[in-house]
**Student:** 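Once you've had a glance at the structure underneath, I'll fire off some questions.
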Amino acid sequence: MALQKASFIKKPLGVLCIGLSLPYIIAIATPYINSVHFWPLTFLALAYPLVLAAMLLACCLSIPVFKKYSFIFWIVLCLGYKNIQAIWGFHPNNKFTMEKPAGSIRILSWNVNEFLNAAIKNDTPGNPRRQMLAFIRQSNADVLCFQDFATDSGRYFRSTLPYIRDSLQYPYTSFVNNFSFGIEGYGIQRNGIIIFSRLPIIDSAIISLPNAEHFKEEFQWVTLQYGQQNFKIINAHLRSMNLHGNQALPMESQFYKPDTTLLLQKSTFYKLRYFDKVHVNQAKTIRSVMDTTDLPFVFCGDLNSVPSSYVYHYLSKGLQDAFLKTGWGLGGTYDSISPTLRIDVMLMRKPIQILQHKTFPLHLSDHYPSITDIKLQ
């Protein structure tokens, strides 16, 4: 009787183990196979932390169920090592200090969500925009890389660009103005990405990203001088997915143009597939610039793609990831949807040395700021 009961329990547990393992087996391919050619990889990459947790459960259950054959499940788990190494930081004891190490260069990267609201009527003590600017001041960074940046002009708005440049003392700037819009009688807002620097900018370039016929988007690089050494900063914002595009304001709809039907009517499922294809093409353009750069460089970017995606693995191949070098856990950078989403990265080529890195969970923008201290070898 006892044997029959044990057999009755083992069979469904065995089926459960196999069922939990199947998504993981497919997800092993996300670093190697372009998700454009096999769309399920898009969603498995997004859900990878849950897929991994399910696989770990399957491994544990396999021990009493499959006994001497349970090692097969553990081998399958190990086959996904590239994704495991990409999503999880293994440095629990590293501490970050706000005081910069001697001889280091501090870089702050942040999707600032247009600095929220620059209207003078909202510029009250302690408002989120002021808190963001206060954090930037306190960071004492040498270089600022902002994505989703906006600066306003007009008597009803505070202008962010000249404030950071002049009041926070970042005299060297390179601004990529991807689009602008004006409100009659109020002023003009310019949007894009920007690099502020206290180090001299001696060269710069702006490169168009694919899909420009639908939505103008460009990335940038600058060459900075540090003593007798030069290095590059590459700053990029891969196309926003506009998952909440159906909630857009009327003034914003002019930027959707041919994408209007997609953004306002298509399902989230469809959007994720569509924009993953866009991100792959944009990543190829950025990587081509990385591969032809003869200087050490730091890449700062909002990828809108997770570390288990083909996009991340394609861009980061052969590079150092600041979070993975020094961080612990999942290192989420997006203050919405899920704490597992690390879609903002700082990658760099050796011989740059990563001294320390931290993502600050500030609930201001919809992304968290990240600071990395580096040293040129």
**Student:** Test your reading of the model: is there a side-chain donor-acceptor pair from Q320 to the backbone of I352, 3.5 Å cut-off?
**Tutor:** yes
**Student:** So S336 and D366, side-chain hydrogen bond (donor to acceptor under 3.5 Å, both in side chains) or not? Walk me through it.
**Tutor:** CA-CA 7 Å; S336 183; D366 55 350; over 6 Å; no
**Student:** Just how far is it from atom CG of L52 to atom OG of S308, taken to the nearest 0.5 Å?
**Tutor:** 9.5 Å
**Student:** Strictly distance-based, threshold 3.5 Å: is any side-chain N or O of Q229 a donor or acceptor partner for the main-chain N or O of Q377?
**Tutor:** yes
**Student:** Table please: side-chain donor-acceptor pairs of residues 321-331 below 3.5 Å, with sequence neighbours left out.
**Tutor:**
unit_1: D321; atom_1: OD1; unit_2: F323; atom_2: N; d: 2.9
unit_1: D321; atom_1: OD1; unit_2: L324; atom_2: N; d: 3.4
unit_1: D321; atom_1: OD1; unit_2: R342; atom_2: NH1; d: 3.3
unit_1: D321; atom_1: OD2; unit_2: Y312; atom_2: OH; d: 2.6
unit_1: D321; atom_1: OD2; unit_2: R342; atom_2: NH1; d: 3.0
unit_1: D321; atom_1: OD2; unit_2: R342; atom_2: NH2; d: 3.3
unit_1: T326; atom_1: OG1; unit_2: A322; atom_2: O; d: 3.0

**Student:** Has N177 got a side-chain atom pairing as donor or acceptor with F179's backbone, closer than 3.5 angstrom?
**Tutor:** yes
**Student:** Around atom CD1 of I120, are there more than 12 heavy atoms of other residues, nucleotides or ligands at under 6.0 Å?
**Tutor:** yes
**Student:** Go through D152 and Q189 one step at a time and tell me if the side-chain hydrogen bond (donor to acceptor under 3.5 Å, both in side chains) criterion holds.
**Tutor:** CA-CA 4 Å; D152 300 84; Q189 183 180 89; 3.1 Å; yes
**Student:** Could you check if a side-chain atom of N191 sits within less than 4.5 angstrom of a side-chain atom of F181, using non-hydrogen atoms only?
**Tutor:** yes
**Student:** Can you get from V222 to V298 by hopping between Ile, Leu, Val, Met, Phe, Trp and Tyr side chains that sit under 4.5 Å apart?
**Tutor:** yes
**Student:** Determine yes or no for a side-chain-to-main-chain donor-acceptor pair under 3.5 angstrom, with Q353 supplying the side chain and I374 the backbone.
**Tutor:** no
**Student:** Under a 3.5 Å threshold, yes or no: a donor from one side chain and an acceptor from the other, between N140 and R198?
**Tutor:** yes
**Student:** Got a donor-acceptor contact below 3.5 angstrom from the S288 side chain to the T285 backbone?
**Tutor:** yes
**Student:** Checking N178 side chain against E218 main chain: does a donor-acceptor pair fall under 3.5 Å?
**Tutor:** yes
**Student:** Tell me if a side-chain donor or acceptor on E114 pairs with a main-chain N or O of A150 at a distance below 3.5 Å.
**Tutor:** no
**Student:** Under a 4.5 Å cut-off applied to non-hydrogen side-chain atoms, are D302 and W110 in contact?
**Tutor:** no
**Student:** Would you say Q356 and P101 make side-chain contact, with heavy atoms under 4.5 Å?
**Tutor:** yes
**Student:** What are the two closest non-hydrogen atoms of F96 and R106, and how far apart are they?
**Tutor:** CZ-NH2, 3.9 Å
**Student:** Would you compute the distance between atom CH2 of W39 and atom CG of L272 and round it to the nearest 0.5 angstrom?
**Tutor:** 11.5 Å
**Student:** Decide yes or no on side-chain contact (heavy atoms from CB on, under 4.5 Å) for L133 and F115, but give the supporting numbers first.
**Tutor:** CA-CA 9 Å; L133 293 171; F115 277 99; 3.8 Å; yes
**Student:** Between Y226 and G103, which heavy-atom pair has the shortest distance, and what is it?
**Tutor:** OH-O, 3.5 Å
**Student:** Please confirm whether R239 makes a cation-pi placement over F275, using NZ or CZ under 6.0 Å from the six-membered ring centre and within 45° of the ring normal.
**Tutor:** no
**Student:** Verify whether one side chain among H313 and N83 offers a donor that lies under 3.5 Å from an acceptor in the other.
**Tutor:** yes
**Student:** For ring-ring contact (aromatic ring centres under 6.0 Å, His included), just list the numbers for F73 and F66, CA-CA rounded to whole Å, side-chain angles, deciding distance to a tenth of an Å, and then say yes or no.
**Tutor:** CA-CA 10 Å; F73 288 84; F66 294 98; 5.2 Å; yes
**Student:** Under a 3.5 Å threshold, yes or no: a donor from one side chain and an acceptor from the other, between S370 and S109?
**Tutor:** no
**Student:** Is it the case that the side chain of R273 and the backbone of P40 share a donor-acceptor pair, with hydrogens and angles ignored and the cut-off at 3.5 Å?
**Tutor:** no
**Student:** Measure up the F43 and F269 rings against each other and bin them: parallel (under 30°), tilted (30 to 60°), perpendicular (over 60°).
**Tutor:** parallel
**Student:** With a sphere of 6.0 Å drawn around OH of Y69, does it hold more than 12 non-hydrogen atoms of other residues, nucleotides or ligands?
**Tutor:** no
**Student:** Does T30 form a side-chain contact (heavy atoms from CB on, under 4.5 Å) with Y310? I'd like the steps, not just the answer.
**Tutor:** CA-CA 6 Å; T30 59; Y310 179 80; 5.9 Å; no
**Student:** Under a 3.5 Å distance rule, please check whether T293 uses its side chain to pair with a backbone N or O of V289 as donor and acceptor.
**Tutor:** yes
**Student:** Going through the checks in order, is the side-chain contact (heavy atoms from CB on, under 4.5 Å) test met by N34 and K284?
**Tutor:** CA-CA 11 Å; N34 188 335; K284 288 180 177 179; 3.9 Å; yes
**Student:** Identify the two heavy atoms, one from P23 and one from V51, that lie closest to each other, and give their separation to 0.1 Å.
**Tutor:** C-CG1, 3.8 Å
**Student:** Using the rule that Ile, Leu, Val, Met, Phe, Trp and Tyr join whenever any side-chain heavy atoms are under 4.5 Å apart, tell me whether L347 and L376 fall into a single cluster.
**Tutor:** no
**Student:** Under a 3.5 Å threshold, yes or no: a donor from one side chain and an acceptor from the other, between T151 and S159?
**Tutor:** yes
**Student:** Would you kindly confirm whether Y170 and V143 end up in one hydrophobic cluster when ILVMFWY residues are joined by side chain heavy atoms under 4.5 Å apart?
**Tutor:** no
**Student:** For the atom pair CZ (R287) and OG (S316), what is the distance rounded to the nearest 0.5 Å?
**Tutor:** 8.0 Å
**Student:** Which residue is it: L303, V36, L209, N304? I am looking for the one with a side-chain contact (heavy atoms from CB on, under 4.5 Å) to H279.
**Tutor:** N304
**Student:** Can you tell which of I234, I233, L319 makes a side-chain contact (heavy atoms from CB on, under 4.5 Å) with F299?
**Tutor:** I234
**Student:** Any salt bridge between D123 and R130, counting N to O under 4.0 Å?
**Tutor:** yes
**Student:** Minimum heavy-atom separation for L108 and P369, please, with both atom names.
**Tutor:** CD1-CB, 3.8 Å
**Student:** Which atom pair, heavy atoms only, marks the closest approach of L77 to Y24?
**Tutor:** O-OH, 2.6 Å
**Student:** What's the verdict on ring-ring contact (aromatic ring centres under 6.0 Å, His included) for F360 and F135, showing C-alpha distance, side-chain angles and the deciding distance?
**Tutor:** CA-CA 10 Å; F360 294 79; F135 175 80; 5.1 Å; yes
**Student:** Measuring only between side-chain heavy atoms, which start at C-beta, is I28 closer than 4.5 Å to V76?
**Tutor:** yes
**Student:** Would you please say whether a donor-acceptor pair under 3.5 Å links the side chains of S365 and N113?
**Tutor:** no
**Student:** Under the side-chain contact (heavy atoms from CB on, under 4.5 Å) criterion, do T333 and I343 qualify, and how do the steps go?
**Tutor:** CA-CA 6 Å; T333 63; I343 60 176; 3.9 Å; yes
**Student:** Would a hydrophobic clustering, with Ile, Leu, Val, Met, Phe, Trp and Tyr connected at side-chain separations under 4.5 Å, put Y368 with V306?
**Tutor:** no
**Student:** Within a radius of less than 6.0 Å around CD of Q169, do more than 12 heavy atoms belonging to other residues, nucleotides or ligands occur?
**Tutor:** no
**Student:** So which heavy atom on F38 is nearest to which on I26, and how close?
**Tutor:** CE2-CG2, 3.9 Å
**Student:** Would M346 and L355 show up in the same hydrophobic cluster when neighbours are defined by side-chain heavy atoms closer than 4.5 Å?
**Tutor:** no
**Student:** Residues two or more places apart in sequence or in another chain: which of them pass side chain to side chain donor-acceptor pair (under 3.5 Å) with T340?
**Tutor:** S338
**Student:** Can any side-chain N or O of N127 pair as donor or acceptor with the backbone N or O of N122 at less than 3.5 Å?
**Tutor:** yes
**Student:** Does this structure show an ion pair linking K100 with D142, if we count only N-O contacts that are shorter than 4.0 Å?
**Tutor:** yes
**Student:** Go through it in stages, so that I can follow the logic: the residues are N235 and Q147, the test is side-chain hydrogen bond (donor to acceptor under 3.5 Å, both in side chains), and I'd like the CA-CA distance, side-chain angles, deciding distance and then a yes or no.
**Tutor:** CA-CA 8 Å; N235 187 29; Q147 306 87 37; 2.9 Å; yes
